[in-house]
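Remarks on the structure that follows.
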Amino acid sequence: MSSSVPKIPLSNGGEIPSVGLGTWRAPDDEVEAALETALKSGYRHIDAAPVYFNEPAIGRTLKRFLDSGELKREDLFICTKLPPQANRASCVEKFLRNSLESLQLDYVDLYLIHTPFSVPETDGDLLRDDNGDVILDMETNHVATWKRMEDMVTMGLTKAIGISNFNETQIQRLLDNCTIKPVCLQIEVHLYLQQHNLVEFCKKNNIVVTAYSPLGSRGIAELNKSVGIVRDIPDVIENPVVVKMASKYGKTSPQILLKYSIQRGLVVIPKSTNAARLKQNIDLFDFTLSEEDMKILADIKENVRLRAVRE
């Protein structure tokens with residue numbers, strides 16, 4: 001069971017597959033079926049997080065493949081995250097070990113600080129006030145947490161460490177105070193939120209950028225509407241420029257969008273539980289977008305963050 005997905009070098013000497021499977025908002029039964037299809041289709045990069053509440057289901061599926069001999073542990077690239085309620089030095093090891101137990105693994109390949117903010121520690125969902133707003137911990141110390149993240153590499157619990165949803169200032173603070181550099185930044189990137197400046201900053205600092213919601217997270221429209229946010233723009237995959245380009249290349253709109261991000265040098269982690277789309281989302285390496293078409297897509301500047309409800 002081989003995989004033909006190209007890999008991108010990481011600054012620690014490792015490599016990360018350029019396409020992975022996102023698992024946000026995938027319930028247990030769906031994520032198990034999707035992951036099984038994904039692994040059989042050539043996916044080797046799996047993106048998880050405790051706040052997705054499906055690490056145990058992912059772990060069960062991985063164990064089946066590993067126990068059967070269909071895959072070896074070194075074939076896989078597994079990423080999970082330190083959740084907001086554990087974003088403090090004292091919680092790092094405990095929560096990483098919890099994730100490893102859920103995933104039924106001895107180590108992960110990449111461990112990320114999920115958010116630059118922290119919230120009070122809980123073993124379940126985030127604490128909220130009477131209005132339903134998440135209660136924040138106003139004493140977040142990125143440097144102290146990062147130092148403990150470095151210890152996880154030394155202990156062999158993770159191969160590499162990185163961050164998610166951080167901005168340039170926050171990343172620079174880590175770069176100025178680290179022994180082990182962040183190898184990866186995971187952020188929302190898609191046609192309507194291209195984040196050119198932040199991507200360029202990361203390239204200059206040899207930090208690989210992973211794009212979550214690279215197809216615009218179609219399921220988020222209903223969530224946005226529920227909190228009163230309505231945007232009069234087409235869904236990313238229905239953008240007329242993208243639709244026209246898909247016809248030109250004989251590909252689907254999602255394939256055009258994913259290929260655009262990959263040719264920018266990004267890693268993409270589209271989420272799907274549909275077997276046909278899972279296979280399409282990894283079938284990206286038999287065509288190349290022209291420089292002219294890359295520029296056309298780069299010049300789309302909606303600058304809209306689609307995730308009103310942040311990871």
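Numbering of residues begins at 1 and proceeds along the displayed sequence.
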Within the 4.5 Å heavy-atom criterion, are Glu32 and Ile58 side-chain neighbours or not?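 No. Closest side-chain heavy atoms not under 4.5 Å.
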If we only count heavy atoms from C-beta on, is the Leu258 to Asn281 side-chain gap below 4.5 Å? yes
Would a single hydrophobic cluster contain both [Y] and [X], if residues Ile, Leu, Val, Met, Phe, Trp and Tyr are joined by side-chain heavy-atom contacts under 4.5 Å?
{"X": "Ile113", "Y": "Ile187", "answer": "yes"}
{"X": "Leu110", "Y": "Leu71", "answer": "no"}
{"X": "Val199", "Y": "Ile16", "answer": "no"}
{"X": "Ile180", "Y": "Ile207", "answer": "yes"}

Check whether any side-chain N or O of [X] sits under 3.5 Å from a backbone N or O of [Y] as a donor-acceptor pair, and report yes or no.
{"X": "Asp235", "Y": "Glu238", "answer": "no"}
{"X": "Thr140", "Y": "Ser118", "answer": "yes"}
{"X": "Gln194", "Y": "Ile300", "answer": "yes"}

Going by side chain to side chain donor-acceptor pair (under 3.5 Å), Asp109 matches just one of Arg73, Lys159, Arg44, His45. Which one?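 Output: one option passes, namely Arg73.
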Any chance the side chains of [X] and [Y] put a donor and an acceptor closer than 3.5 Å?
{"X": "Glu55", "Y": "Ser99", "answer": "yes"}
{"X": "Tyr212", "Y": "Asn165", "answer": "yes"}
{"X": "Ser290", "Y": "Glu292", "answer": "no"}
{"X": "Gln172", "Y": "Thr169", "answer": "no"}

Please find the pair of heavy atoms, one from Ala160 and one from Asn12, that lie closest to each other, and give the distance.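 Nearest pair, atom of Ala160 first, then Asn12: CB-ND2, 3.4 Å.
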Parallel, tilted or perpendicular: ring planes of His114 versus Tyr52, cut at 30 and 60 degrees: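 Rings of His114 and Tyr52: perpendicular, over 60°.
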Side chain to side chain donor-acceptor pair (under 3.5 Å) assessment of Tyr260 paired with Gln255: CA-CA 8 Å; Tyr260 170 60; Gln255 286 172 318; over 6 Å; no
Pairwise distance CG(Leu21) to CG(Leu278) - rounded to 0.5 angstrom: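 Going from the CG atom of Leu21 to the CG atom of Leu278 covers 6.0 Å.
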Asp293, Leu289, Asn239 screened by side chain to side chain contact (heavy atoms under 4.5 Å, CB included) with Ile256, the one that passes: Leu289
Could you walk me through whether Tyr107 and Thr158 pass the side-chain contact (heavy atoms from CB on, under 4.5 Å) test, one step at a time? CA-CA 5 Å; Tyr107 67 91; Thr158 182; 5.9 Å; no
Could you go through Glu70 and Leu39, starting from their C-alpha distance and side-chain angles, then the distance that decides it, and tell me whether this counts as side-chain contact (heavy atoms from CB on, under 4.5 Å)? CA-CA 10 Å; Glu70 292 181 79; Leu39 292 172; over 6 Å; no
